[in-house]
Amino acid sequence: MATPRTLVDDLVGEILLRIPPEDSACLARASLVCKTWRRILSDPAFRSRYRELHGPPPLLGYIHVLKGDEPYFSRFVSTSALRPAGRDFPGWLVLDCRHGRALFAASSPEAEGAMDLVVWNPITNEERRLPKPPRTLLPAGARHDCNAAVLCAAEGCGHIDCHGGPFRVVFVVTSTSYVETVTSARVYLSESGAWSETTSVYHHLELEERCICVDMMPSVLVGDALYFSCGRKYILEYQLSAQQLSVIATPARFRGTCIVIMKAEDALLKLDIDRSSIYLWSREVDAHGILRWVQSRTIELETLLPDDVLPVKSRWIYVSGFVEGTDVIFVHSSGYVYMVQLKSRQVTKMAIKWGRLYPFTGFGILGIKAASICEGPRDGASSA
């Protein structure tokens with residue numbers, strides 16, 4: 001038979017369970033009431049129920065690229081009353097933000113002009129600078145275009161609200177010369193502290209199409225595969241378990257000036273954007289079992305964005321980011337960035353005017369637990 005104290009704790013847990021995740025300040029105040037409430041909020045079973053009840057984690061902040069005196073300058077802007085706090089990254093270029101971590105290319109302290117990959121945990125402010133990928137990945141005498149992604153490597157993790165534990169970084173680079181074009185990949189494992197062997201795919205293209213290269217748009221994780229944008233015509237697929245690279249051609253009926261790939265309901269989605277519309281394409285299996293691109297939806301921008309945002313002949317609309325696994329995108333036009341929810345058609349003006357945007361999502365209860373075990377930054381820790 002349950003004791004009165006247990007019944008009270010259960011009742012408190014049911015009440016705390018119904019605090020909306022967007023109200024992180026309320027969660028923070030609740031954690032300060034007493035040790036019992038803090039223990040309830042930080043309990044793994046409570047966090048699991050909280051995630052099941054409230055669905056995808058809300059936006060806690062975002063990282064964006066700024067114009068400035070540095071070659072690169074990134075800034076983290078917090079939208080939550082809990083950790084993480086805002087932070088500037090002079091000399092750092094944000095590449096990815098996923099599974100409770102952000103990935104940067106940062107100025108190397110060892111050599112002027114060189115760049116290192118750094119994984120940063122926004123909740124604990126921990127950093128981990130990775131060893132450079134072996135030079136065999138970057139053949140001399142060619143043009144190199146690269147991108148990278150960070151993701152959780154913990155077994156059995158649902159990746160809804162990751163924090164700490166092992167991670168991996170996938171680094172991809174396209175090397176283009178007059179002779180050939182090749183894209184290669186290596187994977188860094190935090191547990192071993194080492195890079196994997198190289199996986200490569202050679203592009204047998206006509207001379208005029210040899211400009212294929214991985215670009216700097218955010219990558220997309222769908223199932224066991226990472227997808228990187230390669231300009232307007234191609235998408236690069238990296239199978240994580242098999243460690244295999246392949247190239248996917250985009251639809252021939254390209255309409256706009258901007259192509260974005262994103263995830264929607266465990267499937268790959270592609271957006272074409274021009275001055276007046278957003279065209280949504282999805283990959284579907286036809287009657288012959290072949291994956292094909294199918295245009296699934298068209299959204300007219302004049303019914304979605306404010307009148308003063310719609311571009312004139314001299315302006316364009318660009319997608320500057322998206323929230324992975326949702327229908328939320330960020331569009332840039334007329335000097336501002338807007339958050340657009342494609343299904344509800346809700347539009348929110350952001351507090352930034354320029355640059356790619358990498359959202360950081362999570363539940364405030366995670367920050368409560370982290371604050372109890374790590375009260376300050378610790379550089380070089382292995383659990384970033």
Side-chain angles (χ1 to χ4, degrees), residues 63 65 71-72 74 89 91-111 113-121 127-140 142-153 159 162 166-177 180-203 212-222 224-231 234-248 261 324 356 358 382 384:
I63 308 170
V65 183
Y72 305 107
S74 300
F89 297 89
W92 290 30
L93 175 66
V94 58
L95 301 176
D96 195 21
C97 188
R98 177 186 292 109
H99 295 170
R101 303 166 181 87
L103 178 65
F104 296 85
S107 302
S108 174
E110 300 176 356
M115 303 292 287
D116 292 337
L117 293 175
V118 180
V119 175
W120 174 61
N121 187 321
E127 300 171 9
R128 180 162 176 172
R129 192 173 292 261
L130 310 187
K132 290 182 173 59
R135 289 187 177 273
T136 53
L137 188 64
L138 303 174
R143 168 187 166 180
H144 308 298
D145 299 276
C146 57
N147 200 350
V150 62
L151 59 155
C152 174
H159 307 313
C162 303
F167 66 88
R168 50 186 164 178
V169 171
V170 179
F171 179 71
V172 296
V173 57
T174 301
S175 302
T176 306
S177 68
E180 63 183 2
T181 298
V182 58
T183 297
S184 303
R186 284 187 188 267
V187 179
Y188 174 84
L189 300 176
S190 64
E191 292 178 298
S192 65
W195 291 91
S196 68
E197 295 297 321
T198 303
T199 300
S200 300
V201 57
Y202 290 82
H203 308 296
I212 178 176
C213 62
V214 62
D215 61 32
M216 297 298 293
M217 286 299 295
S219 60
V220 179
L221 177 65
V222 181
D224 190 51
L226 272 171
Y227 296 88
F228 297 87
S229 177
C230 294
Y234 303 100
I235 296 171
L236 181 71
E237 179 186 64
Y238 181 75
Q239 293 288 341
L240 294 166
S241 297
Q243 295 189 3
Q244 292 182 347
L245 282 168
S246 58
V247 177
I248 301 172
I261 54 174
E324 192 171 68
R356 293 193 308 276
Y358 295 77
S382 60

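- Interatomic distance, OH of Tyr234 versus OG of Ser246, reported as 13.5 Å (0.5 Å rounding).
- Side-chain contact check for Thr183 versus Val247: every heavy-atom pair is 4.5 Å or farther apart.
- Atoms CG and SG, on Leu103 and Cys97 in that order, are 9.5 Å from each other to the nearest 0.5 Å.
- Under the rule for a ring pair (Phe, Tyr, Trp, His ring centres under 6.0 Å), Tyr358 has no partner lying at least two apart in sequence or in another chain.
- For the residue pair Thr174 and Asp145, no side-chain donor N or O sits within less than 3.5 Å of a side-chain acceptor on the partner.
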When you look at Phe171 and Leu130, which way does the side-chain contact (heavy atoms from CB on, under 4.5 Å) test go after all the steps? CA-CA 11 Å; Phe171 179 71; Leu130 310 187; over 6 Å; no
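- To the nearest 0.5 angstrom, Gln239 atom CD is 11.5 Å from Thr199 atom OG1.
- Listed for the Ser74 side chain is no donor-acceptor partner under 3.5 Å among the backbone atoms of Phe89.
- The side chain to side chain contact (heavy atoms under 4.5 Å, CB included) with Phe228 is formed by just one residue from the set Val214, Leu245, Val220; it is Val214.
- A heavy-atom distance below 4.5 Å is not found between the side chains of Arg128 and Trp120.
- For the pair His99 and Leu221, the tightest heavy-atom approach, listed with the atom from each and the gap, is CE1-CD2, 3.7 Å.
- Side chain of Ser196 to main chain of Val187: a donor-acceptor pair is present (N/O by atom type, distance under 3.5 Å, no hydrogens or angles).
- Not a single donor-acceptor pair under 3.5 Å links the side chain of Asp116 to the backbone N or O of Ala106.
- Heavy-atom minimum distance, Ser241 versus Asp224: OG-OD2, 2.9 Å.
- When atom types are taken as modelled, the side chain of Arg129 and the backbone of Val118 share no donor-acceptor pair closer than 3.5 angstrom.
- Counting all heavy atoms, side chain and backbone alike, Ala105 lies closest to Met115 at O-CE, 3.2 Å.
- Looking only at distances, a side-chain donor or acceptor of Arg98 sits under 3.5 Å from a matching main-chain atom of Ser219.
- Residues Val169 and Trp195 approach most closely at O-CZ3, 3.8 Å, considering heavy atoms.
- The OG1 atom of Thr198 sits 3.0 Å away from the CZ atom of Arg186 when rounded to the nearest 0.5 Å.
- The aromatic rings of Phe167 and Tyr188 are tilted relative to each other, their planes meeting at an angle between 30° and 60°.
- Put simply, the side chain of Val150 does not reach to within 4.5 Å of the side chain of Leu117, judged on heavy atoms.
- When all heavy atoms of Leu93 and Met216 are compared, the closest pair comes out as CD2-CE, 3.8 Å.
- Minimum heavy-atom separation, Cys230 to Leu236: SG-CB, 3.7 Å.
- The closest side-chain heavy-atom distance from Leu151 to Leu226 is below 4.5 Å.
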